[in-house]
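Single-structure report; data block below.
All residue numbers in this chain count up from 1 along the given sequence.
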Amino acid sequence: MITVSPLKNDTQKEFERLFTSYYEELGCDDDIPHLLEEYVIPDLKAGLLSIDILKEGDVFAGFVIYQTDEINNEWNFKEGWGDIREIYVIPSLRRQGLGKFLLYTAEMKLREAGTEKSYCLPSENAEEFFAACGYSKANVYSEELDCFVYEKLKLENKCK
């Protein structure tokens, strides 16, 4: 059985393990424990972002981090838009629709909160995934993250 639920104290260690795997796979040189302790978890607790964790049976298999951009949030790229910040599924369970399930769960929650549009800043390897899920490459480039912005102007669960 597949479940997606908001991150809670009892699943935080599993999330941190998944987040570490994700950042290692990306090849980031960042201090991962520092990122988690100083930014990700405090921003979650402050209500600045949301984290949902994916479980396939007894296996914690992935997560999605998302938010609605607001003026009081340090990362406010497109005010009023949903931001799909990070999405990850463990390699052994990819290409089974779990990433789409995570994405659509986040989009549904953004819609319920009143957001109509969303964007992401995908790595080159993830561009095809987001395009298949209705995101279009915008004519906006993020120098900081070295990638193009992808936008979805209407949050609908349509996928190729």
Checklist entry - Hey, does the side chain of Thr105 reach the backbone of Phe101 with a donor-acceptor pair shorter than 3.5 angstrom? => result yes
Checklist entry - With a 4.0 Å cut-off, would you call Arg94 and Glu25 a salt bridge? => result yes
Checklist entry - What distance separates Asp10 CG from Gln12 CD, expressed to the nearest 0.5 Å? => result 10.0 Å
Item to check | Under-4.0 Å salt bridge between Lys152 and Glu107 | outcome: yes
Next on the checklist: Using side chain to side chain contact (heavy atoms under 4.5 Å, CB included), reason through Tyr141 and Val149 one step at a time and then give a plain yes or no.
Outcome noted: CA-CA 6 Å; Tyr141 188 80; Val149 175; over 6 Å; no
Checklist entry - About how many Å separate OG of Ser118 and CG of Asp83, when rounded to the nearest 0.5 Å? => result 8.5 Å
Item to check | Phe129 vs Leu103, side chain to side chain contact (heavy atoms under 4.5 Å, CB included): CA-CA, chis, key distance, verdict | outcome: CA-CA 10 Å; Phe129 167 79; Leu103 178 62; 4.1 Å; yes
Item to check | Distance, nearest 0.5 Å, that separates CD1 of Ile51 from CZ of Phe19 | outcome: 8.0 Å
Checklist outcome for this item: Minimal heavy-atom distance between Leu48 and Gln67, with the atoms involved, is O-CB, 3.4 Å
Next on the checklist: Within this structure, what is the CG-CD distance for the pair Leu153 and Glu116, rounded to the nearest 0.5 Å?
Outcome noted: 11.0 Å
Next on the checklist: Is it true that, when you exclude Gln96 itself, more than 12 heavy atoms of the residues, nucleotides or ligands shown sit nearer than 6.0 Å to its CD?
Outcome noted: yes
Next on the checklist: Working to the nearest 0.5 angstrom, can you tell me the gap between Ser5 OG and Asp52 CG?
Outcome noted: 7.0 Å
Checklist entry - Are Tyr88 and Phe63 close enough that their ring centers fall under 6.0 Å? => result yes
Next on the checklist: Is it the case that atom CG in Asp30 sees more than 12 heavy atoms from other parts of the structure closer than 6.0 Å?
Outcome noted: yes
Checklist entry - Is the shortest heavy-atom distance from the side chain of Leu98 to the side chain of Glu56 under 4.5 Å? => result yes
Checklist outcome for this item: Between Leu35 and Tyr23, the two heavy atoms sitting closest are CD1-CE2, 3.5 Å
Next on the checklist: I need the minimum non-hydrogen distance between Leu36 and Pro42, along with the two atoms involved.
Outcome noted: O-CD, 3.5 Å
Item to check | Derivation and outcome, side chain to side chain contact (heavy atoms under 4.5 Å, CB included), residues Val64 and Glu86 | outcome: CA-CA 6 Å; Val64 62; Glu86 315 285 344; over 6 Å; no
Next on the checklist: Counting C-beta onward and ignoring hydrogens, is there a side-chain heavy-atom pair between Lys117 and Leu155 closer than 4.5 Å?
Outcome noted: no
Next on the checklist: Could you check whether any side-chain N or O of Thr115 sits under 3.5 Å from a backbone N or O of Arg111, counting only pairs where one atom can act as donor and the other as acceptor?
Outcome noted: no
Checklist outcome for this item: On a heavy-atom basis, the closest approach of Phe60 and Leu18 is O-CD2, 3.7 Å
Checklist entry - side chain to side chain contact (heavy atoms under 4.5 Å, CB included) between Ile87 and Tyr66: does it pass, once the steps are laid out? => result CA-CA 9 Å; Ile87 189 166; Tyr66 56 98; over 6 Å; no
Checklist entry - Below 6.0 angstrom between ring centroids: does that apply to Phe130 and Tyr135? => result yes
Checklist entry - Can we say Glu112 and Lys109 salt-bridge, meaning some charged N sits less than 4.0 Å from an Asp/Glu carboxylate O? => result no
Checklist entry - Any side-chain heavy-atom pair from Tyr119 and Val140 closer than 4.5 angstrom? => result no
Checklist entry - Shortest non-hydrogen contact from Glu24 to Ile32? => result CG-CD1, 4.2 Å
Checklist entry - Should the pair Lys137 and Phe148 be classed as cation-pi, given the thresholds of under 6.0 Å to the six-membered ring centre and 45° from the axis? => result yes
Checklist entry - Looking only at heavy atoms, which two atoms of Ser50 and Leu44 are closest? And how far apart? => result CA-CD1, 4.1 Å
Item to check | Nearest-0.5 Å distance that lies between atom CZ in Arg17 and atom OG1 in Thr11 | outcome: 11.5 Å
